[in-house]
Each structure stands twice: as structure tokens, then as C-alpha cells.
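Heads up, the thing below is written out as C-alpha cells.
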Amino acid sequence: MDPPSLSGSANYSVSDHPLCSEWQEAPEGAVFHLAHILLVLGFMGGSGFYGLLYMFSFLALGFLCCSLHAWSEPCAPDASAWPCALSVLCVAQALHVAHRARSVAFGGELQELYARMFNKLGVSLTHYGEIVACCEGQIQTTEKDHFFAIEGKTPIDKLSVLLSGRVRVSVNGEFLHYIHPFQFLDSPEWDSLRPSEDGVFQVTLRADSQCRYVTWRRKKLYLLFAQHRYIARIFALLVRNDIADKLFSLNTAALDGRGFRYDLRLPSFCHGPHLERTGAVPPLRPSRNRNKSVVITKPVDSKS
């Protein structure tokens, strides 16, 4: 039964449409159901290179199955042509995404740097490519016993991450701590200055073995931060976490004359025991709450 022509009647209503007199007993073929399953899986794809590659691959297969199913209708070539065209477009887009993912591949050390520091924060390869481009993908090498920075002389004009080897940190000839791979070499110096300020290192960094590291120049990195606020937040998080790790390593190495560990969080370490004996620093009185390891300072009245 042919449907009525809409052009011949201006008062056409839904009730004039022919009703289905008999439902189709046989269901559609397996290709029809497979096509829609593939389309559902394709639209569940995520973001990023791999998410886009997943999405366009399943969509291409789904549209291809739709085209094969529509091919069984010999009187409706457009029903098969459109899914076929969409399938070709999805294949082309998937190839384009794969090419872009291949073009942002990095070398062994830079790829390991991404896996150890940036990937766990959810940084995409696109943003990491911007970070690597800022340092021009160059990796520096320092031989054993060579100095990365000298106390009071080397300007703070870069930010570096150690990739291999070990660096010894000292001040006035006294050992402070070591810097290990995938730690910043100069995170405290970087965080201590504003973008418009200049300064010099207050510690000496000497290579304890052959070291390889990646360096970002300060001005170029700040320009990258101005263009990508997301990258600026990532670096702020990484730098401050690195500073916390260095403070913890100092805390574990700080001992007094009796062999007890100092706690950097306590005022007694900052002022020194000799000041406490002179009365310049109020004595520490433990909190009454034994369940919390908190130390409360209470000023002592000199008149009493």
C-alpha cells in the first residue's frame, strides 16, 4: 500500500497514514544487530589519541555493517551509499589520528620521563609534546665530579629534571642530600623566585656519577605557561611535590648531638637548641591530647 501524497492534501493527519496490517515475523539479520552494537561501542569512546582511535574504528565498522545490510534492498541505493560514505570518512579520520599519535612519539628517556612523572597526572601526549618542544627535545650530559651549579655564582635561569645518575647537594661544603633520577635538580630555587626576579643558587650541585638531564630555559617555560595554563598547574604541582620530598629527605638525615632525629616541622629545629637554652625561644610543652602528635608552644612570662 502506497503512502498518501502530502502535496495533494493540506489537511493530512497522522490518522491518514497506513497502519501496519501484519508485523514481520522474521527478525532482521545478524548484520543489522551487529551494526548497531558496533555503533554503540564506538560512541562510548573517550578522549585522547587512543580514545579517538577506538571511537572512529568502531564507527567505521558499524557504518560498514549498516551499508551491507542496506545493500539487500535493491530499490534503495541511497540507504546503502550513505553508511558506506560515513564508513570511509571514519576510516580516514582513524588513519589521521594514528598518524598524529605516531608523530608525537618520543625517544626512550623522554618516553620514560612521561611515564614516570606526567602520565600519572593524566597529561595527554599532545600537552607533553608542547613540553618537550619547549626544551627542543635535547638531553644534556654532565660527567662525574662536574658541577651543575655553584653556590653563590650560578644564576637561576632554568628548570631541570635528572634522568639518570646521581647529584650531590651541599652548602658551605656540608652534605645535604642526593638528587635521584626523575627528580628536579633546582625545584627550590625555581619556586623561590617570581617570574620577574633574578637570583643565584644557594647550594652546590655536583655530579656523583655521569648524569643525563633535560632542561627548560626559564623564559621559554614561562611563555609556555602563559599559553597553556593547564601545563603551568601541572609544573606547579610537580615542583612543590619535589620540594616536599627533598624536605623529607633532609628530615631523615637531620640528627642532633645525642643521635636523635630533628623534625623540620618543629620550631626547635629552625631556631636551634642553643637559642632555647638562652631563653630566646619559649620551651616546648607537649599537648595533653596523647592521640595526636602535635607540639604546642606556650610563651613563658619572664616576670613570673
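All residue numbers in this chain count up from 1 along the given sequence.
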I need the minimum non-hydrogen distance between [X] and [Y], along with the two atoms involved.
X      : Y      : answer
Arg116 : Lys120 : O-CE, 3.3 Å
Cys135 : Val214 : SG-CG2, 3.5 Å
Leu53  : Ala94  : CD1-O, 3.4 Å
Cys65  : Val31  : O-CG1, 3.3 Å
Phe182 : Leu113 : CE2-CA, 3.7 Å
Cys84  : Ser67  : CB-OG, 3.5 Å

Hey, are the side chains of [X] and [Y] touching, using non-hydrogen atoms and a 4.5 Å cut-off?
X      : Y      : result
Leu162 : Cys211 : yes
Leu89  : Gln93  : no
Arg168 : Tyr178 : yes
Arg218 : Leu159 : no
Val203 : Ser170 : no
Tyr213 : Ile139 : no
His146 : Lys144 : no
Trp82  : Phe63  : no

Inset, instruction - Determine the interplanar angle of the Tyr128 and Tyr114 rings, folded into 0 to 90°, and report it as parallel if under 30°, tilted if 30 to 60°, perpendicular if over 60°. - result: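 Plane angle between 30° and 60°, so tilted.
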Taking a hydrophobic cluster as the set of Ile, Leu, Val, Met, Phe, Trp and Tyr residues connected by side-chain heavy atoms closer than 4.5 Å, whether directly or through intermediates, do [X] and [Y] fall within one such cluster?
X      : Y      : answer
Leu64  : Phe32  : no
Tyr54  : Leu39  : no
Leu247 : Phe184 : yes
Leu121 : Ile243 : yes
Leu61  : Phe56  : no

Inset, instruction - Give the intermediate values and the outcome of side chain to side chain contact (heavy atoms under 4.5 Å, CB included) for residues Glu151 and Asn172. - result: CA-CA 8 Å; Glu151 178 182 352; Asn172 295 328; 3.1 Å; yes
Inset, instruction - Could you list all the side chain to side chain donor-acceptor pair (under 3.5 Å) pairs where at least one residue sits in residues 180-198, not counting sequence neighbours? - result: Ser187-Asp242
Inset, instruction - Report the distance from atom CG of Leu185 to atom OG1 of Thr215, rounding to the nearest 0.5 Å. - result: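 Reported to 0.5 Å precision, the distance equals 7.5 Å.
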Inset, instruction - Report the distance from atom CE of Met117 to atom CD1 of Ile131, rounding to the nearest 0.5 Å. - result: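 That separation rounds to 9.5 Å.
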Inset, instruction - Measure from the side-chain N and O atoms of Trp216 to the backbone N and O of Val132, and report whether any donor-acceptor pair falls under 3.5 Å. - result: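 Flag not set: sc Trp216 to bb Val132 has no pair under 3.5 Å.
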Legend entry - Side-chain donor or acceptor of Ser87 paired with backbone N/O of Ala60 under 3.5 Å: yes
Inset, instruction - Among Ile, Leu, Val, Met, Phe, Trp and Tyr joined by side-chain contacts under 4.5 Å, find the other residues sharing a cluster with Val200 and list them by chain and number. - result: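 The other cluster members (ILVMFWY side chains, heavy atoms under 4.5 Å, direct or chained): none.
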Inset, instruction - If you link ILVMFWY side chains whenever their heavy atoms are less than 4.5 Å apart, which other residues fall into the same cluster as Ile150? By chain and number, please. - result: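 Phe147, listed by chain and number.
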Legend entry - Non-neighbouring partners of Thr204 that pass side chain to side chain donor-acceptor pair (under 3.5 Å), sequence neighbours left out: none
Legend entry - side chain to side chain donor-acceptor pair (under 3.5 Å) against Glu143, all qualifying residues, sequence neighbours excluded: Gln210
Legend entry - Residues Asp208, Val167; criterion side chain to side chain contact (heavy atoms under 4.5 Å, CB included); working and verdict: CA-CA 5 Å; Asp208 209 41; Val167 174; over 6 Å; no
Legend entry - Aromatic ring proximity, centroids under 6.0 angstrom, Phe58 and Phe43: no
Donor-acceptor contacts under 3.5 Å from residues 220-241 side chains, at least two apart:
{"from": "Lys220", "atom 1": "NZ", "to": "Cys134", "atom 2": "O", "distance (Å)": "3.4"}
{"from": "Lys220", "atom 1": "NZ", "to": "Glu136", "atom 2": "OE2", "distance (Å)": "3.4"}

Inset, instruction - Apply side chain to side chain contact (heavy atoms under 4.5 Å, CB included) to the pair Gln140 and Arg212, showing each step before the final yes or no. - result: CA-CA 6 Å; Gln140 312 292 333; Arg212 291 174 61 82; over 6 Å; no
Inset, instruction - Given side chain to side chain donor-acceptor pair (under 3.5 Å), test Ser209 with Arg166 step by step and report yes or no. - result: CA-CA 6 Å; Ser209 60; Arg166 189 175 68 173; over 6 Å; no
